[in-house]
Amino acid sequence: MAVREDPEYNEDRALARLIPSFRGLRVLEIGAGDGRITRKFADVASSVIAIDPKVEDIAALRAALPRVDARPVGIGDLQLTRRSVDVAIFSWSL
Amino acid sequence: MVDALKRTRSWLRPGALLVDLHPMAAPALVIVGDTIAGPIDNGAAPARHQAATDAIAEAVNNGLFRIGDTIEFDFSTYADTLDELQDYIVSEWREARIGDTTMMRARQLGPSADRKPRARERVSASRLVAVG
């Protein structure tokens, strides 16, 4: 199967307008799935926590982006320190 | 959804940012070339997407965030054939499929290598600033 998502890169442009640079930022991504959006900032962010309740998606994300702290949990089960995040992203998950 | 935003707000430092990407309430469409074949049947998705929009508005009204910027864009998923597109939507989207009427119209539009079928969603993207 040859399925291509967003070959026009409209999502990339939208994200770049909203957050021009992720460099040095502590990022929390909610609903990360297999990391389609995570890839756009994982290399430059200071740290990335990516969560999704789908275990198989998080396994794929972890394999592709090993420096990401990928957790197979929903937001209701996530425990984080208060005021420890610079950018939170709801990736088609709200 | 508002609870999720409240919970997330507690993790953000003051002045930090929240980005929300979610499809808009309008139905996703099947398009062949530049012609709309029809809507995709995606069950309760439009209501869920509207609820997300409402939750953002409520969080802003409650003083958790202020709006920094909001934009809209098209997100298209292309397949080589209509059957591939149908299989993808059924397997990857929640409770969605291309209904018979839209599928028939799409076939009539003659998808080809130069006119690949696609599913087009309209997406809202917002940057919110944590208040307080």
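As a basis for the values below, the full set of heavy atoms in this structure was taken, side chains included, without hydrogen atoms, waters or symmetry mates. Lettering follows sequence order; numbering is per chain, from 1.
- Separation of atoms CD (Glu11(A)) and CG (Asp74(B)) is listed at 12.5 Å; rounding is to 0.5 Å.
- Proximity to chain B (any heavy atom under 4.5 Å) is restricted, for Thr81(A), to the backbone atoms N, CA, C and O.
- Within a 6.0 Å radius of NZ in Lys54(A), other residues, nucleotides and ligands contribute 12 heavy atoms or fewer.
- Heavy atoms closer than 4.5 Å to chain B are found in both the backbone and the side chain of Glu5(A).
- Proximity to chain A (any heavy atom under 4.5 Å) is shown, for Thr81(B), by neither the backbone nor the side chain.
- In this structure, chain B has a heavy atom under 4.5 Å from the side chain of Arg26(A), while its backbone stays farther away.
- Nearest heavy-atom pair, Leu18(B) versus Phe90(A), reported as atom, atom and distance to 0.1 Å: CD1-CE1, 3.7 Å.
- Of all non-hydrogen atoms in Ala14(A) and Ala125(B), the two that sit nearest each other are CB-CB, 4.5 Å.
- Contact between Leu17(B) and Ile19(A) at its shortest, heavy atoms only, is CD1-CD1, 3.4 Å.
- Among His22(B), Arg7(B), Met1(B), the residue with the largest count of heavy-atom pairs under 4.5 Å with chain A is Arg7(B).
- In this structure, no portion of Leu25(A) lies under 4.5 Å from any heavy atom of chain B.
- Rounding to the nearest 0.5 Å gives a distance of 7.5 Å between OG of Ser93(A) and CG of Asp20(B).
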Asp87(B) vs Val3(A), side-chain contact (heavy atoms from CB on, under 4.5 Å): CA-CA, chis, key distance, verdict
CA-CA 10 Å; Asp87(B) 290 346; Val3(A) 171; over 6 Å; no
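- For Ser126(B), the part sitting under 4.5 Å from any heavy atom of chain A is the backbone (N, CA, C, O) and nothing else.
- Placement of Ile36(B) and Ile40(B) in two distinct hydrophobic clusters is found when ILVMFWY residues are connected by side-chain heavy-atom separations under 4.5 Å, directly or transitively.
- Phe65(B) and Val19(B) fall into different hydrophobic clusters, where Ile, Leu, Val, Met, Phe, Trp and Tyr side chains are chained together by heavy-atom contacts under 4.5 Å.
- Summarising the geometry, atom OG1 belonging to Thr70(B) is positioned 8.0 Å from atom CG belonging to Leu18(A); distances are rounded to the nearest 0.5 Å.
- Here CG of Leu15(A) is found 11.0 Å from CZ of Arg127(B). Values are rounded to the nearest 0.5 Å.
- With a threshold of 4.5 angstrom between heavy atoms, Phe73(B) approaches chain A through side-chain atoms but not through N, CA, C or O.
- A single hydrophobic cluster is not seen to contain both Val60(B) and Met24(B); linkage of ILVMFWY side chains at heavy-atom distances under 4.5 Å, directly or through other members, places them apart.
- To the nearest 0.5 Å, atom CG of residue Leu80(A) and atom OG1 of residue Thr8(B) are 9.0 Å apart.
- Annotation: maximal heavy-atom pairing with chain B below 4.5 Å, among Pro7(A), Ala88(A), Ser91(A), Gly31(A), occurs at Ala88(A).
- Contact detail for Ala2(A) and Asp80(B): the closest heavy-atom pair is CB-OD2, 3.1 Å.
- By the 4.5 Å heavy-atom criterion applied to side chains, Ile71(B) and Arg17(A) are counted as neighbours.
- Asn61(B) CG: more than 12 foreign heavy atoms inside a 6.0 Å radius.
- For the set Ala4(B), Ala119(B), Gly15(B), the count of heavy-atom pairs under 4.5 angstrom toward chain A peaks at Ala4(B).
- Residues Asn10(A) and Val123(B) have side chains not in contact (no heavy-atom distance under 4.5 Å, counting atoms from C-beta outward).
- Proximity to chain A at a heavy-atom threshold of 4.5 Å picks out nothing from residues 96-106 of chain B.
- By the rule that hydrophobic residues join a cluster once side-chain heavy atoms approach within less than 4.5 Å of another member, Ile75(A) and Leu5(B) end up as members of one cluster.
- Criterion: ILVMFWY side-chain heavy atoms under 4.5 Å apart, direct or through other members. Under it, Leu94(A) and Trp92(A) are not part of a common hydrophobic cluster.
- Heavy-atom distances place the side chain of Glu121(B), and not its backbone, under 4.5 Å from chain A.
- With rounding to the nearest 0.5 Å, the separation of CH2 in Trp11(B) from CD1 in Ile49(A) is 9.0 Å.
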